[in-house]
K.L.:
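Attaching a single structure in structure tokens format; questions to follow.
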Amino acid sequence: MRILSRYIAILGLTITAAIILTACKSVTSNDTVDYKSTGAVRGPNLSYPPDLITAQADRRYIVQDGTATMSEYNAAMKKSVQMRNNVMTGIPGMRIERDGERRWLVVEKPATELYPQVKDFWQENGFLLIVDSPSTGIMETDWAENRAKLPQDFIRSALGSVLGSVYDTGERDKYKTRLEAPKSDETEIYITQKGTLEKCVTDTAGDQCLYTIWTSRPNDPNLEAVFLARLMERLGMTQEQAKAMVAVPLVAKTAKAKFVQGANNQGYIELNSSFDRAWRDVGLALDRSNFTVEDRNRSNGVYYVRYINAKDVDDKKGFFSNLFSSKDDSKLQAKKYQVIVKSTGENSANVYVQDADGKPENTPAGIQLLTLLTDQLAK
């Protein structure tokens, strides 16, 4: 009885302390996107499945073995300060391009200068990067929870500061960013969002939740627009300017994708667009699917990718449950493919899927991948 009384007393003190600590905090928020406040509360321990690229550390920021002089140190610090000053003064020549439901940012600066700033941007917004590849211009965040979706009543706001893990939205988001350099002095920045939703699997009567699984959630262009606007602010544009540019209504996409079954069972996709537009659209389609882009060669029109088929994973747990699991699941081993974009005219292009050796992928798996890409390209 004495132990129970002590427990109740401690719990009461904890609640009181939480209320005092949050007395000066607003219990309402106008911000509908907030991953930064998650802090240590990041939901399940999201292990890195084998289909993800190992993060490539930027060697410029790693101290090498050996000695360093004070002059070298001062020069490095001066360069770092200069980079930060460039961020604060802003980058001229930014604009939003759009096609259908897609938006992307165009900046009149080389990709090599922008990549470190975009990387800092995601980290400042509360994300961990599990793909950090300056050589390919690709970065990808870990799964994170948008805590702004939690109802901010007074009690929840108070307790959430101390017991944040008690509350959960049941949703996770991750973001892919890809930098393309169609010109030496111009960079296109694409941000794509993927979401998951935790669902309860009930018994036959539907009364009891047996376990939960993570399932795919439709892509949210509004979240992509939010982070495009925030990135523009990070690069020097005012909040009002960034929001106004992103808020311009999207127009219907005219070009459509068509799946064609050719000779010898070789399938391909027909696009009514130039090579530049086809290359861009295929890249976005890959980002929004279960593809991991390992490398790309724009001059040859080749994306080197890996792909995980969700149907090959244990359905009982669900595909995303396997991603969140700490166990190593050999079923998650991804296969390598080459996605080829080939110009067939001024306003026409075809898309092919080849195996890792560059041979036509005429198997049912290849047809499935083309069908998946067709669905994304038609949006």
Side-chain angles (χ1 to χ4, degrees), residues 51 97-104 138 176 178 180 188 190 192-195 215-221 224 250-313 315 319 333-379:
D51 72 306
E97 296 284 351
R98 45 182 47 81
D99 180 24
E101 65 176 20
R102 299 176 174 88
R103 299 180 181 90
W104 63 96
I138 297 173
K176 289 184 180 180
R178 182 163 48 87
E180 291 277 0
E188 298 173 348
Y190 302 90
T192 54
Q193 175 266 350
K194 291 181 67 177
T215 60
S216 179
R217 197 169 92 242
N219 165 262
D220 190 343
E224 296 171 353
L250 297 174
V251 296
K253 184 179 178 181
T254 56
K256 296 295 182 181
K258 178 183 178 182
F259 174 76
V260 178
Q261 188 74 48
N264 300 322
N265 201 35
Q266 182 178 9
Y268 60 94
I269 303 171
E270 285 186 352
L271 292 174
N272 298 323
S273 56
S274 65
F275 173 82
D276 289 342
R277 181 174 178 179
W279 176 261
R280 180 196 72 218
D281 288 351
V282 169
L284 286 169
L286 293 172
D287 290 344
R288 288 182 171 179
S289 307
N290 290 328
F291 290 91
T292 297
V293 178
E294 289 188 317
D295 202 354
R296 63 189 191 276
N297 187 326
R298 184 188 178 100
S299 59
N300 293 334
V302 183
Y303 284 99
Y304 300 92
V305 304
R306 287 191 285 177
Y307 178 75
I308 289 181
N309 189 346
K311 295 181 179 179
D312 293 337
V313 184
D315 291 334
F319 175 59
Q333 293 292 339
K335 294 183 179 180
K336 295 187 177 183
Y337 299 94
Q338 296 181 20
V339 177
I340 313 296
V341 182
K342 183 177 180 180
S343 175
T344 57
E346 185 177 353
N347 290 304
S348 61
N350 290 344
V351 181
Y352 303 88
V353 172
Q354 299 179 351
D355 62 18
D357 298 323
K359 298 177 182 178
E361 186 65 58
N362 297 329
T363 64
I367 300 301
Q368 178 188 357
L369 298 186
L370 285 170
T371 303
L372 175 64
L373 287 175
T374 303
D375 291 341
Q376 285 291 340
L377 289 167
K379 294 181 179 179

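The analysis underlying the following values was restricted to heavy atoms, covering all of them including side chains, and did not include hydrogens, waters or symmetry mates. Numbers here simply count residues along the sequence, with the first being 1.
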K.L.:
Sub-3.5 Å donor-acceptor pair from the side chain of Tyr303 to the main-chain atoms of Trp279, do we have one?
P.N.:
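Yes, because the side chain of Tyr303 sits within donor-acceptor range (under 3.5 Å) of the backbone of Trp279.
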K.L.:
The criterion is side chain to side chain contact (heavy atoms under 4.5 Å, CB included); which residues satisfy it with Ser343, sequence neighbours excluded?
P.N.:
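By the side chain to side chain contact (heavy atoms under 4.5 Å, CB included) rule, Ser343 matches Phe275.
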K.L.:
Please round to the nearest 0.5 Å and tell me the distance separating atom CZ of Phe291 and atom CG of Leu372.
P.N.:
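Going from the CZ atom of Phe291 to the CG atom of Leu372 covers 5.5 Å.
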K.L.:
Between Leu286 and Leu373, which heavy-atom pair has the shortest distance, and what is it?
P.N.:
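That closest heavy-atom pairing would be CD2-CD2, 3.7 Å.
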K.L.:
Between the side chain of Gln193 and the main-chain N/O of Asp220, is any donor-acceptor distance below 3.5 Å?
P.N.:
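Judged by distance alone, yes, a pair lies under 3.5 Å.
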K.L.:
Would you please say whether a donor-acceptor pair under 3.5 Å links the side chains of Lys194 and Asn290?
P.N.:
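Side chains of Lys194 and Asn290: pair found under 3.5 Å.
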K.L.:
In Å, rounded to the nearest 0.5 Å, how long is the span from CG of Asp287 to CZ of Arg102?
P.N.:
10.5 Å
K.L.:
Nearest heavy-atom pair of Thr344 and Ala349: which atoms, and what distance?
P.N.:
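Scanning both residues, the minimum pair turns out to be OG1-N, 3.5 Å.
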K.L.:
Could you work out, with side-chain hydrogen bond (donor to acceptor under 3.5 Å, both in side chains) as the rule, every residue matching Gln261, not counting sequence neighbours?
P.N.:
Asn265
K.L.:
Does Tyr268 have any ring-ring contact (aromatic ring centres under 6.0 Å, His included) partners at least two apart in sequence or in another chain, and if so, which?
P.N.:
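With sequence neighbours excluded, Tyr268 shows a ring-ring contact (aromatic ring centres under 6.0 Å, His included) to Tyr352, given in chain and number order.
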K.L.:
Find out whether Val293 and Arg178 are in side-chain contact, i.e. whether some heavy atom of one side chain is under 4.5 Å from a heavy atom of the other.
P.N.:
no
K.L.:
Keeping to residues at least two apart or across chains, list the ring-ring contact (aromatic ring centres under 6.0 Å, His included) pairs with something in residues 357-379.
P.N.:
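Matches after skipping sequence neighbours: none remain.
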K.L.:
According to salt bridge (Lys or Arg N to Asp or Glu O under 4.0 Å), who are the partners of Glu224, at least two apart in sequence or on a separate chain?
P.N.:
Arg288
K.L.:
With Tyr190, which residues qualify under ring-ring contact (aromatic ring centres under 6.0 Å, His included), at least two apart?
P.N.:
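Counting only residues at least two positions away or on another chain, Tyr190 forms a ring-ring contact (aromatic ring centres under 6.0 Å, His included) with Trp104.
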K.L.:
When you measure from the side chain of Gln338 to the backbone of Ala356, do you find a donor-acceptor pair of N or O atoms at a distance under 3.5 Å?
P.N.:
yes
K.L.:
Which residues pass the side-chain hydrogen bond (donor to acceptor under 3.5 Å, both in side chains) test with Ser274, not counting sequence neighbours?
P.N.:
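Listed in chain order: nothing, the list is empty.
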K.L.:
To check you understand the geometry: which heavy-atom pair defines the closest contact between Leu377 and Val282, and what is its length?
P.N.:
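Residues Leu377 and Val282, closest heavy atoms: CD2-N, 3.8 Å.
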K.L.:
Answer yes or no: is there a side-chain heavy-atom contact under 4.5 Å between Glu294 and Lys336?
P.N.:
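Sidechains of Lys336 and Glu294: in contact.
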K.L.:
Return the set of residues passing salt bridge (Lys or Arg N to Asp or Glu O under 4.0 Å) with Asp276 (not counting sequence neighbours), or none when no residue passes.
P.N.:
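Testing Asp276 for salt bridge (Lys or Arg N to Asp or Glu O under 4.0 Å), a comparison that skips the adjacent residues, returns Arg298.
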K.L.:
My understanding is that only residues two or more places apart in sequence, or in another chain, count here; which of them pass side-chain hydrogen bond (donor to acceptor under 3.5 Å, both in side chains) with Thr371?
P.N.:
none
K.L.:
What heavy-atom pair brings Ala278 and Leu271 nearest, and what distance separates the two atoms?
P.N.:
CB-CD1, 3.8 Å
K.L.:
Would you give the length of the straight line joining atom OG1 of Thr192 to atom NZ of Lys176, rounded to the nearest 0.5 angstrom?
P.N.:
6.5 Å
K.L.:
Could you pull out all residues at least two apart from Glu270 that satisfy salt bridge (Lys or Arg N to Asp or Glu O under 4.0 Å)?
P.N.:
none
K.L.:
Side-chain contact test, heavy atoms from C-beta onward, threshold under 4.5 Å: evaluate it for Asp99 versus Asp281 and give yes or no.
P.N.:
yes
K.L.:
Could you tell me whether the side chain of Asp357 and the main chain of Lys359 form a donor-acceptor pair under 3.5 Å?
P.N.:
no
K.L.:
Could you name each residue pair satisfying ring-ring contact (aromatic ring centres under 6.0 Å, His included) that touches residues 360-379, not counting sequence neighbours?
P.N.:
none
K.L.:
With sequence neighbours left out, write down each residue that passes side-chain hydrogen bond (donor to acceptor under 3.5 Å, both in side chains) with Asn297, or none if nothing qualifies.
P.N.:
Ser299
K.L.:
On a heavy-atom basis, which atom in Gly267 and which in Leu370 lie closest, and how many Å separate them?
P.N.:
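That closest heavy-atom pairing would be O-CD1, 3.2 Å.
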